[in-house]
Asks: 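Supplied in structure tokens, the structure appears directly below.
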2 protein chains.
Amino acid sequence: MLKYEKIAEDLREDILRGKYQSGEQLALEKEMCAQYKVSRITIKRAVDALVSQGLVVKRRGSGTFIKSLKDEDVKELGMANQFSGFAATYRDRKVETDILRFDIVHPDEAVAAKLQITTEDFVYDIIRVRKLDGEPVVIEYTKMPIQLIPGIKKSVLETSIYAYIEKKLKFKIQSAHRTVKADMPTAEEKKALQIEGILPILEVEQVAFLDDGLPFEYSVSRHRGDRNVFRSVSIR
Amino acid sequence: MLKYEKIAEDLREDILRGKYQSGEQLALEKEMCAQYKVSRITIKRAVDALVSQGLVVKRRGSGTFIKSLKDEDVKELGMANQFSGFAATYRDRKVETDILRFDIVHPDEAVAAKLQITTEDFVYDIIRVRKLDGEPVVIEYTKMPIQLIPGIKKSVLETSIYAYIEKKLKFKIQSAHRTVKADMPTAEEKKALQIEGILPILEVEQVAFLDDGLPFEYSVSRHRGDRNVFRSVSIR
DNA sequence: GAGTGGTCTAGACCACCCC
DNA sequence: GGGTGGTCTAGACCACTCG
């Protein structure tokens, strides 16, 4: 592990363990330099990581201070703005997957454009329902170019496509661009998500990229509005 | 303007102007050092800014490459993960504000906890409907501690609270922690937002912080589901 | 092996805060 | 005036990619 990563993790654990009060001042950068025996820039990188996680604020001329947060917000913060698949996000709960569709088709113009391929290429066309502890929470529509991500099988869909891409194909996932909106479920979705009466959908449309800059997935995840939220922290 | 900011802006404009193709390689860091006459770390900071905006990817051993994005995604990206008030976000359109409530009250336990004050303190209790080009798009419920943000008047609510805080009070806004979810409008909200029939709400709950780490605003913005989306880019 | 970006150093100067 | 974090430098070594 890199020095600045290690230091950032140490500090983060101290904060989450409640070592500091709301608004309390952290050790000075100079002090941390001595404590960890590293240069000031390395300390700065570590503390900047905490700033972008929303845990602390820096004040030039004064020092670095713990942000005044409710505990529940603090605990969720590690996940905000993060990138991970469904299975990884809920790895402490019972996750089941129903595969409603698994075909190979040509993409339409819009999807082809987002995946930077042509309508002549082939993509997987996947529809899955994800359940937590037996309750359906989200229906995911996924399209991936087969030329980029070969060898997807039913067993992969039942667990995690991301784990397959990173562990089997040895690719690295770099980022995801997301658009979130509210919508109403279709009749089919109401059935698949076991929705009775009127309940809205939280839709997350996503284009995901490998670390070579190529888009490898276009997906639309439509979540039951009563069982999901989307978190983010923005700085500055 | 700082050197790395200036360089990042230059590069960003080049990309948005279409100087590069999807996947094309940028100048090497060493070349940029010579071109801008700065050190390599300064170049690195500038290029890292583009990475966090989702515009490029870096590959150790190879170079830096333009990400393969659809144009509309690229153009929206500057706004994603950014922090600004309603008026600033839509400054090229006609913005109107209806003030439905403007009182001073004691906060309940939940709000007091989020604002790090007690239920004995006072907060502004504000409800506003925002309109774009005459059409209502969002109803905002705002609570702010009067001890931290004094002197709010009706005229401030009609334009921008954030502009008042930054320009009149000379405070700096540091960050916002947000939770997004889908919901259905209440009967009052349907009336205020001129919703007929069944239309969901995109709710953004937010705690905003000043640069001294103190929370100064708790707000819930409930947007018409057909007129708003929420964007984000997550890296790694 | 040549070349890329990643990390880290030791030190300088600056803008800002508080006493 | 003394001390804080912010920016920037010049240079070193490392991990990785590619021919």
Side-chain angles (χ1 to χ4, degrees), chain A residues 1-11 23-52 55-67 166 169-175 209-214 235-236, chain B residues 1-11 23-52 55-67 166 169-175 209-214 235-236:
Chain A
M1 182 175 298
L2 304 171
K3 288 187 187 180
Y4 82 91
E5 279 181 346
K6 172 63 177 152
I7 296 168
E9 197 174 82
D10 280 1
L11 294 172
E24 189 176 341
Q25 184 164 11
L26 262 67
L28 301 180
E29 294 193 350
K30 202 163 58 170
E31 292 167 4
M32 292 190 205
C33 291
Q35 180 189 342
Y36 288 100
K37 295 188 173 57
V38 298
S39 75
R40 215 185 109 209
I41 284 188
T42 302
I43 292 294
K44 183 175 169 357
R45 287 189 65 175
V47 179
D48 282 348
L50 299 184
V51 172
S52 70
L55 290 172
V56 304
V57 294
K58 294 167 126 182
R59 296 159 59 185
R60 172 148 55 170
S62 303
T64 302
F65 299 82
I66 301 291
K67 224 151 123 177
E166 299 210 294
L169 298 181
K170 302 288 183 195
F171 292 161
K172 276 177 190 153
I173 298 173
Q174 191 253 357
S175 61
F209 294 80
L210 296 176
D211 72 346
D212 60 4
L214 289 178
I235 306 293
R236 264 213 268 182
Chain B
M1 181 174 298
L2 303 172
K3 287 187 186 179
Y4 82 91
E5 279 181 346
K6 172 64 179 152
I7 295 168
E9 197 174 83
D10 279 1
L11 294 171
E24 188 175 342
Q25 184 164 11
L26 262 67
L28 302 179
E29 294 193 350
K30 202 163 57 171
E31 293 168 2
M32 292 191 204
C33 290
Q35 180 188 343
Y36 288 100
K37 294 188 173 58
V38 298
S39 74
R40 214 184 110 212
I41 284 188
T42 302
I43 292 295
K44 184 175 168 357
R45 288 189 65 176
V47 179
D48 282 347
L50 298 184
V51 172
S52 69
L55 290 171
V56 305
V57 294
K58 292 168 126 181
R59 296 160 55 187
R60 173 147 58 169
S62 302
T64 301
F65 300 83
I66 301 290
K67 225 151 124 177
E166 299 209 294
L169 297 180
K170 301 290 183 194
F171 291 160
K172 276 178 190 151
I173 297 173
Q174 191 253 357
S175 62
F209 294 80
L210 297 176
D211 73 346
D212 60 3
L214 289 177
I235 306 292
R236 265 212 272 179

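Below, all heavy atoms of this structure are taken into account, side chains as well, without hydrogens, waters or symmetry copies. Proteins come first, then strands; the chains are lettered A, B, ... in the order of their sequence lines, and each starts at number 1.
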Asks: Quick one: side-chain contact (heavy atoms from CB on, under 4.5 Å) partners of A:Gln35, sequence neighbours excluded?
Replies: none
Asks: Could you pull out all residues at least two apart from B:Glu166 that satisfy side-chain contact (heavy atoms from CB on, under 4.5 Å)?
Replies: B:Ile173
Asks: How long is the gap from OG1 on B:Thr64 to NZ on B:Lys44, to the nearest 0.5 Å?
Replies: 9.5 Å
Asks: Return the set of residues passing side-chain contact (heavy atoms from CB on, under 4.5 Å) with A:Ala49 (not counting sequence neighbours), or none when no residue passes.
Replies: A:Ala8
Asks: In whole Å, I'd like the distance from the NZ atom of B:Lys6 to the C1' atom of D:dT7.
Replies: 18 Å
Asks: I want to check one thing: is the phosphate of C:dG6, taken as OP1 and OP2, less than 4.0 Å away from some side-chain N or O of B:Lys58?
Replies: yes
Asks: Output yes when at least one side-chain N/O atom of B:Lys44 is less than 4.0 Å from OP1 or OP2 of C:dG5, else no.
Replies: no
Asks: Taking only residues two or more places apart in sequence, or in another chain, which ones meet A:Arg60 in a side chain to side chain donor-acceptor pair (under 3.5 Å)?
Replies: none
Asks: Any chance you could measure A:Phe171, atom CZ, to A:Leu210, atom CG, to the nearest 0.5 Å?
Replies: 6.5 Å
Asks: Rounding to an integer number of Å, can you tell me how far A:Gln174 CD sits from C:dG6 P?
Replies: 12 Å
Asks: Looking at residues at least two apart in the chain, or sitting in another chain, which of them share a side chain to side chain donor-acceptor pair (under 3.5 Å) with B:Ser62?
Replies: none
Asks: For A:Lys30, what residues pass the side chain to side chain donor-acceptor pair (under 3.5 Å) criterion, not counting sequence neighbours?
Replies: none
Asks: In this structure, how many angstroms lie between the P atom of C:dC16 and the CG atom of B:Asp211, rounded?
Replies: 12 Å
Asks: Between the protein and nucleotides 17-19 of chain C, list the N/O to N/O atom pairs that are separated by less than 3.5 angstrom.
Replies:
from	atom 1	to	atom 2	distance (Å)
C:dC17	O3'	A:Ser62	OG	3.3

Asks: Give me, pair by pair, the N or O atoms of the protein and of nucleotides 8-12 of chain D that are less than 3.5 Å apart, along with how far apart they are.
Replies:
from	atom 1	to	atom 2	distance (Å)
D:dC8	OP1	B:Lys3	N	2.7
D:dT9	OP1	B:Lys3	NZ	3.3
D:dT9	OP1	B:Ser39	N	3.4
D:dT9	OP2	B:Ser39	N	2.7
D:dT9	OP2	B:Ser39	OG	2.7
D:dT9	OP2	B:Thr42	OG1	2.5

Asks: Under the salt bridge (charged side-chain N to carboxylate O under 4.0 Å, His left out) rule, collect the residues that match up with B:Lys6, sequence neighbours excluded.
Replies: B:Asp10
Asks: Could you check which residues of residues 25-32 of chain B get a heavy atom under 4.0 Å from DNA chain C? Sort them by number, please.
Replies: B:Leu28, B:Glu29, B:Lys30
Asks: Apply salt bridge (charged side-chain N to carboxylate O under 4.0 Å, His left out) to A:Lys58 and list each qualifying residue two or more places apart in sequence or on a separate chain.
Replies: A:Glu29, A:Asp48
Asks: Identify, with sequence neighbours excluded, every residue that meets side chain to side chain donor-acceptor pair (under 3.5 Å) alongside B:Arg59.
Replies: none
